[in-house]
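Below, chain A is the first sequence line, B the second, and so on; all start at residue 1. Atoms considered below: every heavy atom in the structure, side chains included; atoms not considered: hydrogens, waters and symmetry mates.
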Number of protein chains: 4
Amino acid sequence: MKVSVIGTTGYGGGELIRILHNHPVFQIHSVHSSRDEAAITDEFPHLAGIFEHSLKKIDPGTIAEEADLVFLATPSRISGELAKAFAGKDIQVIDLSGDLRLSSPEEYEKWYKHKPVEKSIINQAVYGLSEWNSEKIRSAKIIANPGCYPTAALLGLGPVAEAGLIDPAAGIIIDAKSGVSGAGKTLSRVSAFAEMNDNFRIYKVNEHQHIPEIEQQLKQWDAKTSPITFSTHLLPLTRGIMATMYVQLKRELKTSELLDLYQETYSRHHFVRVRKEGDFPAIKEVSGSNFCDIGLHADPRTGRLTIVSVIDNLMKGAAGQAVQNANLMNGLDEKEGLGFIPIYP
Amino acid sequence: MKVSVIGTTGYGGGELIRILHNHPVFQIHSVHSSRDEAAITDEFPHLAGIFEHSLKKIDPGTIAEEADLVFLATPSRISGELAKAFAGKDIQVIDLSGDLRLSSPEEYEKWYKHKPVEKSIINQAVYGLSEWNSEKIRSAKIIANPGCYPTAALLGLGPVAEAGLIDPAAGIIIDAKSGVSGAGKTLSRVSAFAEMNDNFRIYKVNEHQHIPEIEQQLKQWDAKTSPITFSTHLLPLTRGIMATMYVQLKRELKTSELLDLYQETYSRHHFVRVRKEGDFPAIKEVSGSNFCDIGLHADPRTGRLTIVSVIDNLMKGAAGQAVQNANLMNGLDEKEGLGFIPIYP
Amino acid sequence: MKVSVIGTTGYGGGELIRILHNHPVFQIHSVHSSRDEAAITDEFPHLAGIFEHSLKKIDPGTIAEEADLVFLATPSRISGELAKAFAGKDIQVIDLSGDLRLSSPEEYEKWYKHKPVEKSIINQAVYGLSEWNSEKIRSAKIIANPGCYPTAALLGLGPVAEAGLIDPAAGIIIDAKSGVSGAGKTLSRVSAFAEMNDNFRIYKVNEHQHIPEIEQQLKQWDAKTSPITFSTHLLPLTRGIMATMYVQLKRELKTSELLDLYQETYSRHHFVRVRKEGDFPAIKEVSGSNFCDIGLHADPRTGRLTIVSVIDNLMKGAAGQAVQNANLMNGLDEKEGLGFIPIYP
Amino acid sequence: MKVSVIGTTGYGGGELIRILHNHPVFQIHSVHSSRDEAAITDEFPHLAGIFEHSLKKIDPGTIAEEADLVFLATPSRISGELAKAFAGKDIQVIDLSGDLRLSSPEEYEKWYKHKPVEKSIINQAVYGLSEWNSEKIRSAKIIANPGCYPTAALLGLGPVAEAGLIDPAAGIIIDAKSGVSGAGKTLSRVSAFAEMNDNFRIYKVNEHQHIPEIEQQLKQWDAKTSPITFSTHLLPLTRGIMATMYVQLKRELKTSELLDLYQETYSRHHFVRVRKEGDFPAIKEVSGSNFCDIGLHADPRTGRLTIVSVIDNLMKGAAGQAVQNANLMNGLDEKEGLGFIPIYP
């Protein structure tokens, strides 16, 4: 199967190449960037001798003719435009941006602060949270690949949310921390090394555009979900997200009972690993891989449940999940080409 | 005034030397360690040519005769023993450990998992949260210097807690993150460079011994405070703590009103800096100094207040606050010898 | 083909598992450690759900019967003992330690400061510098896998050394820098996070046991090689080595001529990538892969040649090269199972 | 004494404020930037509540009337222009850029690739290597403050160079490594966190503009000095420089003899600390302070001397040395206001 990648020079694009280049079924047919005709090794010297395609200009018509599937690793807004261009054509589309995730264009406009994609296009897009939406993904033509933070948060909350166990009165608090690659390749003072090294900062308090995305999915599990509190922080490391989440349960449950629920929910899902009681995942333990690791603790003193979920923001938080969805869409084992063992140490 | 330091070879002890060596009033009379007679530069080569006292053995009787004030930068349990030895003598004592902080010996035993100091000694100790307890500190002879996490958390919560604004039903959630120096000098796999670099981990969920300490002070402000949820994380950096805290208020208040309250509360307190609306502190902005920086945001969508508090765990979280208390105890300006400007970048 | 790994719980062992688990031909038959019967996920939680063999005790007799090839990822001294035990048996042996690398037992004793392996065993071992010794490696039964620093240094020096271009009068200076994983898993103050973060240190000046190994190979290329100057430094990062090397050439050559020589020498060697003029490799560009990248510059002002060589110390510097050699020994393409694309960013 | 700082918003400028704000004699009269009237806390939030001057526009006439001394922490070229403007006025000038360091305008033009300052101005500038040029500095009106790398290298080479011990035939090799703050505040891909974290790169091979500066001083010590080989690398840390240097001596000397020479040379110089035999300095041991630490080893095997010199690039490599020179120029103890103890850990 021939695949194309648009937006190849960003970190998500680079990660897609790392996965697709060795994928047994998908073959990279072409890579595209607004900076066409540049050698990809100008952007990514590490690909020398491995993958040396030159970047082509972005022409949806040609791409749709030549490839079977296109990954959009472009920024918000550009992705939306491209999705429109591809929507009517005979090609599968996986969009890594947020442009197709929200079913409500009003919500999109409110949080992303620009004009949304037409509802008719959005309606065609299936939300690509692989472990929870595989049925629809298998028959989808367009995938809205989830955001990095939402992936970590939703995989961590899913079992208790879907089981209707969360007390809406108390709300859900998500304290999220991400490595700097999540901020993308654009230069900024905040992400300059001398500013970020040995530093830790909070950067979006109650205003991150991932809030409506997380709430949308939570409401699908439990219509009574109340608005969430979501803080994002920048960690002085390159890859990785940890979401530490706090919920109140409707009734008291022991940690062991909850772990049983999680292990059952995820028993057939290779990429979600639930830890034993007393054990919590660290960011490094999934680095470079498509895994999401989860740990939790129910506190008898307060009745509150603390859930910890970690992913690699470029893998399960972006490119890894995108390929996982591409596998599902094409009748492959979801693990195909995703056998990466975490890099350790 | 002559001061002595016991437990000089730990990071807290080293930081005390950095402050006291240039203090205009306090003069380091002697430094002590269980590893007596070693040169301090074996432990701290950076002190060569600056401070080259040899370490002496720990003899409370002699120390009490020769010095006016002693800092205990020793681990829990050892500090307790030393506090007992010094309690009846004519010398001021500032204990950096947790051994004298909890008024209830039962609480101490439950959370620290070993035998507490006698109540008669504990009763003599004043909790050294400088900005909130300065009256008692000024006339104290023994100070229980607060823990690093509690300092960050309590300074951040104080104004709303004391004003009785926190809704006890919803509880208080503290998601705390610390640099690795907070774990002390003892070697462990978790704090080995190859394991901690580029990593982020949660390490104590609902079981940190700082929980009773934070609750004890919160209850002094507001007797109705419910049990807190407290998670601690290790950051891949050396110094610094950020506490991101989530509370529900009894009535709706705007961010600007709350900032007014905070700025008023801390207007005469040099070391606590309250940020403007929309601005949140980063860990680096207080590094190497005795400052605590606070930012906050009240979310109209959820009614929840997010408070962010940052300190340098070795300064305001330990040695800096200890010297600040020593200044207060001896009628000095609390800023004496603490004019460190944060190291930047 | 069945392979076994001894010394599985070290970083080299962990990296061997990462490679071998997905190798199309080699199948991990058993993993061994002195800590037998422990679950490997106690040591390596990142392997949960991927590789969950239990560690077996080290019994050379049984291993030699059951497996076709054994990797010794054990420390110096232990490796030597094991090599002896396996030497007479029907099993291929790849030793990642330094115990079999030096042809002179006296040199070994002088630099490693303990008793060497018998000459009869050493004589059977072939030095596993894949790109330069592939003939002998293909027919070898025992491989002395090169050290990390020597691999980077020798690949960088090989072309000019072999061509007899280095002026022995001026000597060779190797200024090497390594990430902390090269120091192994043993806890030490020097490699504690709080000591190593934001730090850079030199740790062996003119005394590293890799000196005789580098000189031994250099002399095979050019008998007139004079003693080298070799300094090793610890970088505040996890993986990677850069060797910056300084040699004087016998005659003046331009950078472009030398690059031609290097590109020619390495043209059929997939894993060594020679940079264009003016371009030098950075450590991250080979991270997680088996590549060695080389850049160089000949300075007309001084007549001196500066060569820069980078590898991932756990891959091309240890486990990656070990598997590359295992491929050669068994008639496979040397790239088999080593298609790792560098992790970027 | 009133001092002014121009170029306040760069890292050098920020460091000058950190030192001067608490200096017992120098008082910051005004701070200037091309971005005039901005609040300095916009650039440096860490200075809130400490130093809140607003930035003024750069008007040499006014500054010369109001202040006694001006620090130019401006980039190359701008500094040169300002030096000209101040040269005829009644004000001391300390320039932190390279514009006044080279006595030869042709050398400047060749290495800096732009038009040099007039010789008449350069002739007035005294090279501010405090420990070696204090006589001239004391009576100077204009100081060319040395570069960061040259400071580390020259302090490390001085004793053997001045004693005429270096064999010119073998040359001098300086392998230098610096933290990223040395690259300044300008955003660039190379110094973006996601690119520089966990990375190490070489960036100027035989072409750094510090080469003529180092050679100029070396020739003052020993006219026969041959051209040096100088490589610069970027370390994944914020502050610090280590220069590892390799020289051949004219005759064989033992490490202990050389250390005696170094200790004698620097015995009256507080800020240069010479290590004991077998001990080498690490970057962290001088961090945040004005110290330069030196270690060395003479190798009997090769006759080569390895010298290791570390400084904090913003302190002894820039602002610290600038204030040290300002002290000397004004008859103060050179240590005045520079009592910073290295930040540890």
Among the options [options], pick out the one with the most heavy-atom pairs lying under 4.5 Å from chain C.
options: D:Thr302, D:Leu234, D:Ile283, D:Asp175; result: D:Asp175
options: D:Ala169, D:Pro236, D:Gly278; result: D:Pro236
options: D:Ile202, D:Asn206, D:Thr238; result: D:Asn206
options: D:Thr244, D:Asn197, D:Asn199; result: D:Asn199

What's the separation between atom [atom1] in [X] and atom [atom2] in [Y], rounded to the nearest 0.5 Å?
X: C:Ile211; Y: D:Asp299; atom1: CD1; atom2: CG; result: 7.0 Å
X: C:Lys204; Y: D:His297; atom1: NZ; atom2: NE2; result: 13.0 Å
X: D:Arg239; Y: C:Asp198; atom1: CZ; atom2: CG; result: 10.0 Å
X: C:Ser231; Y: D:Met245; atom1: OG; atom2: CE; result: 11.5 Å
X: C:Thr229; Y: D:Arg304; atom1: OG1; atom2: CZ; result: 3.5 Å
X: D:Leu237; Y: C:Met196; atom1: CG; atom2: CE; result: 8.5 Å

- [ ] Pick one of side chain, backbone, both or neither for D:Ile173, based on which atoms fall under 4.5 Å of a heavy atom in chain C.
- [x]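 Side chain only.
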Task: Region of D:Tyr344 in contact with chain C, defined by heavy-atom distances below 4.5 Å - done: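 The side chain, not the backbone.
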- [ ] With C:Phe200 as reference, evaluate D:His233, D:Lys284, D:Met242 under the side chain to side chain contact (heavy atoms under 4.5 Å, CB included) test and give the passing residue.
- [x]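 That would be D:Met242.
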Task: Toward chain D, the part of C:Val308 with a non-hydrogen atom under 4.5 Å - done: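 Side chain only.
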Task: D:Glu215 bridged to C:Arg301 by N-O distance under 4.0 Å - done: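 Salt bridge between D:Glu215 and C:Arg301, a charged N being under 4.0 Å from a carboxylate O: yes.
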